[in-house]
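Ligands are counted one by one from 1 in listed order, and the atoms in each one are counted from 1 as well.
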Amino acid sequence: MREFLELNPPEKFWQVLKSFLETKIFQTEKIELDQSLNRILADNVFSPVDLPPFSRSTVDGYAVKAADTSGASASMPTYLDIIGSIEMGVETELELKSGQAAAIPTGGMIPKGSDAVLMIEDTEKIEEKLIESFKSLAVGENIVQKAEDIAEGELLFKKGHKIMARDIGALAGLGITEFNVFKKAKVSVISTGDELIPAEAEAKIGQIRDINSYSISAYLNKIGAETKKVGIIEDKFESLKTALKNELDQELVLISGGSSVGIKDMTIELLNSLGEPGVLLHGLSIKPGKPTILAVIEGTIIIGLPGHPASAWTVNNVLTAEIVRVLNGEKAPAALGRENQKYLIEAELTRNLVSDKGREEYIPVKILKKDDKVFAEPLLAKSSLITNLAYGDALIKIPQNKEGIDKGELVKLTLIE
Ligand SMILES: Nc1nc2c(c(=O)[nH]1)N[C@H]1C(S)=C(S)[C@@H](COP(=O)(O)OP(=O)(O)OC[C@H]3O[C@@H](n4cnc5c(N)ncnc54)[C@H](O)[C@@H]3O)O[C@H]1N2
Ligand code: MOO
């Protein structure tokens, strides 16, 4: 069959993108802790203090010297004099001598001279200021030591770390409330096609609701980009040229539709008319996603996504999401195209899959769990359909040199966020 496009392997796309991105200067900005969820650190972050700042009890009970409880049991207790109580939130002046104990709440400051804490249930109060210990303690028992969490000057997070909700607690605990992050990737998403109408519009015969600008903007926002949904632009040279020109201050522009070889597909000519160097690659050897375009115009990356919604979605997952991760500072340009271990899981395939040799194939799957085993159920459909994607949790990649995968084989899945 006649092939219209020269199909380039994904590696060729990575190579061209790497050479462009490796020279790019990434902008940073200072933000506050409350705004930092999902942002990417632009510097290494070191602890400015010891955490905890003083040794603390992990239980309610009595601060003691471990040696004073040596050999203690329910039938042979040891006896300790209570010299006072530890107050929360203030420095204690108490200092224990041999045979002494101080009442302490969970989290209270360990007084000088103490090296262990007796749990209240391992004691009996004999008199107002005398207790019995039924337990023999080891040094350090029920104590979290000063700087045990992290010491002053120790590395907490590396540059490029994505801040998760759990990290925000650690930063708050250390009093780090302002820091530098990479600016979010600035991305615009355009849909083209005279048949397209916005989602909220009434569809006349022949019209199709725009899917791609909605699904792709949402996905890229989710992974940390600042995405502008431009909407639908009519399939006319001048209208598209004006629309694209307006977006050239962005770092990445996605244009879905008009990437194939039909009579109306003027995208290539249009991109080449906008500036240098123009279209660098047209045709990607993945399925679906064949007609993908890569262009660079005056420092802005332009990706022409295939119009079919599942194809656009697949290229977005495989190619554009990777570019956004680099623009966001989460991934080094040199690592472009390398699998992200964070998003990979393994599962057993529930049916045979066949694939054409010569193109990497991506198939959405549903993840199922049965008897503690994880299974991948392929969702097979034409790339012009969308609902399959809505049910898919992940993508399977069938490498270019494989003709298929057998039922029962263990496959690697990339989670769809
Ligand atoms: N003779 C050939 N025809 C086609 C080939 C080919 O190699 N030879 N490739 C096919 C493949 S594969 C794909 S994918 C599509 C890609 O087409 P385009 O990128 O040029 O996109 P359009 O022609 O504009 O649209 C294709 C299809 O998708 C619908 N579409 C487009 N945009 C949206 C959107 N934002 N939301 C929902 N649906 C959209 C559009 O209505 C068309 O049905 O080309 C094949 N043809
Ligand atoms: O490449 Mo098309 O994108 O296979 O549907």
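Within ligand 1, counting atoms from 1 as listed, the ones closer than 4.0 Å to a heavy atom of Gly257 are 19 (O), 21 (O), 24 (O). Atoms of ligand 1 lying under 4.0 Å from any heavy atom of Arg209, numbered from 1 in the order shown and given with element: 36 (N), 37 (C). Within the listing of ligand 1, atoms 35 (N) sit less than 4.0 angstrom from a heavy atom of Ser191.
Of the polar atoms of Asp210, at least one N or O is found under 3.5 Å from an N or O of ligand 1, judged by distance alone. Between Ile208 and ligand 1, a contact under 3.5 Å exists for no N or O pair. At least one N/O-N/O distance between Gly307 and ligand 1 falls below 3.5 Å. Between Lys290 and ligand 1, an N or O atom pair is found at a separation short of 3.5 Å.
Atom CD of Gln35 sits in a crowded spot, with more than 12 heavy atoms from other residues, nucleotides or ligands closer than 6.0 Å. Atom NZ of Lys357 sits in a sparse spot, with 12 or fewer heavy atoms from other residues, nucleotides or ligands closer than 6.0 Å. The 12-atom threshold is not exceeded at NZ of Lys146, counting heavy atoms of other residues, nucleotides or ligands nearer than 6.0 Å.
If you look at Ile232 next to ligand 1, there are no close heavy atoms at all, none under 4.0 Å. When heavy-atom distances to ligand 1 are checked against a 4.0 Å cut-off, Pro306 comes that close through both its backbone and its side chain. In Glu195, the part holding a heavy atom less than 4.0 Å from any atom of ligand 1 is the side chain. Contacts between His308 and ligand 1, counted as non-hydrogen atom pairs separated by less than 4.0 Å, involve both the backbone and the side chain.
Not a single heavy atom of Pro288 sits closer than 4.0 Å to an atom of ligand 1. Ser311 counts as a contact of ligand 1, since one of its heavy atoms falls under 4.0 Å from the ligand.
Residues Asp210 and Ser191 have side chains that bring a donor and an acceptor to within less than 3.5 angstrom of each other.
Proximity of Leu33 to Ile176: side-chain heavy atoms (C-beta onward) are nowhere separated by under 4.5 Å.
With salt bridges taken as basic N to acidic carboxylate O contacts below 4.0 Å, none links Glu251 and Lys183. The pair Lys370-Glu348 does not meet the salt-bridge criterion, since no charged nitrogen lies less than 4.0 angstrom from a carboxylate oxygen. Salt-bridge check for Asp393 with Lys366: passed, with a basic side-chain N closer than 4.0 Å to an acidic carboxylate O. Ion pairing between Lys236 and Glu238 fails under the 4.0 Å rule for side-chain N and carboxylate O.
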